[in-house]
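Structure first, then comments.
In what follows, residues are counted from 1 in the order of the sequence shown.
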Amino acid sequence: MAKYRALIIGPGGAGTAVYKAMIEDGRGEPVGFVETRPERVAELQEEFPGVMVDSDFDKVLAATNPNVVVDAGPDFLHGPQCVKALEAGCDVLIEKPMATSLEDAQALIAAEKATGKTIMVDYTMRYSHPWGTMMHAARNGDV
């Protein structure tokens, strides 16, 4: 099976966790990053030579030909960017919230139906109660 080719929007905390998991798992590879912070752009270029890093989502999407888009970028861009990703033939993983308006949510669902691609929404709960409490107890040796 060919590796998943992933474009990561917002390779900060959540985006970084996803691309590290893909690499460790061996089934995915980052082919592009959408990042606006100059210091993070430099870090990514050093860590992933040959992987496109740019602040322009449309440019990176067109140039990298991913089959998966992970959107951990600004919430208000989730809807518009992920609709474009679906229309480009990508499955998408969206860090919560899926959308910031009813219109964006409806556009995402319509694009998913029209393209036959899949939307997944990541709702990481590792730091909330009771998960955070259990994690703390485990680290202290209580569990």
How long is the gap from [atom1] on [X] to [atom2] on [Y], to the nearest 0.5 Å?
{"X": "Ile119", "Y": "Asp71", "atom1": "CD1", "atom2": "CG", "result": "11.0 Å"}
{"X": "Glu112", "Y": "Leu86", "atom1": "CD", "atom2": "CG", "result": "7.0 Å"}
{"X": "Cys90", "Y": "Arg5", "atom1": "SG", "atom2": "CZ", "result": "10.0 Å"}
{"X": "Met22", "Y": "Arg27", "atom1": "CE", "atom2": "CZ", "result": "11.0 Å"}

Glu46, CD atom: more than 12 neighbouring heavy atoms under 6.0 Å: no

Please give me the minimum heavy-atom distance between Glu35 and Pro11, naming the atom from each residue. OE1-CD, 3.4 Å

What one should report as the nearest heavy-atom pair of Leu7 and Val60 is CD1-CG1, 3.7 Å

Any side-chain heavy-atom pair of [X] and [Y] under 4.5 Å:
{"X": "Thr118", "Y": "Val92", "value": "no"}
{"X": "Tyr19", "Y": "Glu47", "value": "yes"}
{"X": "Leu93", "Y": "Val121", "value": "no"}
{"X": "Leu44", "Y": "Arg40", "value": "yes"}
{"X": "Val83", "Y": "Leu108", "value": "yes"}
{"X": "Val31", "Y": "Asn65", "value": "no"}

With clusters built from Ile, Leu, Val, Met, Phe, Trp and Tyr whose side-chain heavy atoms come within less than 4.5 Å, directly or transitively, what are the remaining members of the cluster of Leu77, listed by chain and number? Phe76

Output yes when a side-chain donor or acceptor of Asn140 lies under 3.5 Å from a complementary backbone atom of Asp142, and no otherwise. no

Taking ring pair (Phe, Tyr, Trp, His ring centres under 6.0 Å) as the test, write out the residues that go with Phe57, two or more places apart. none

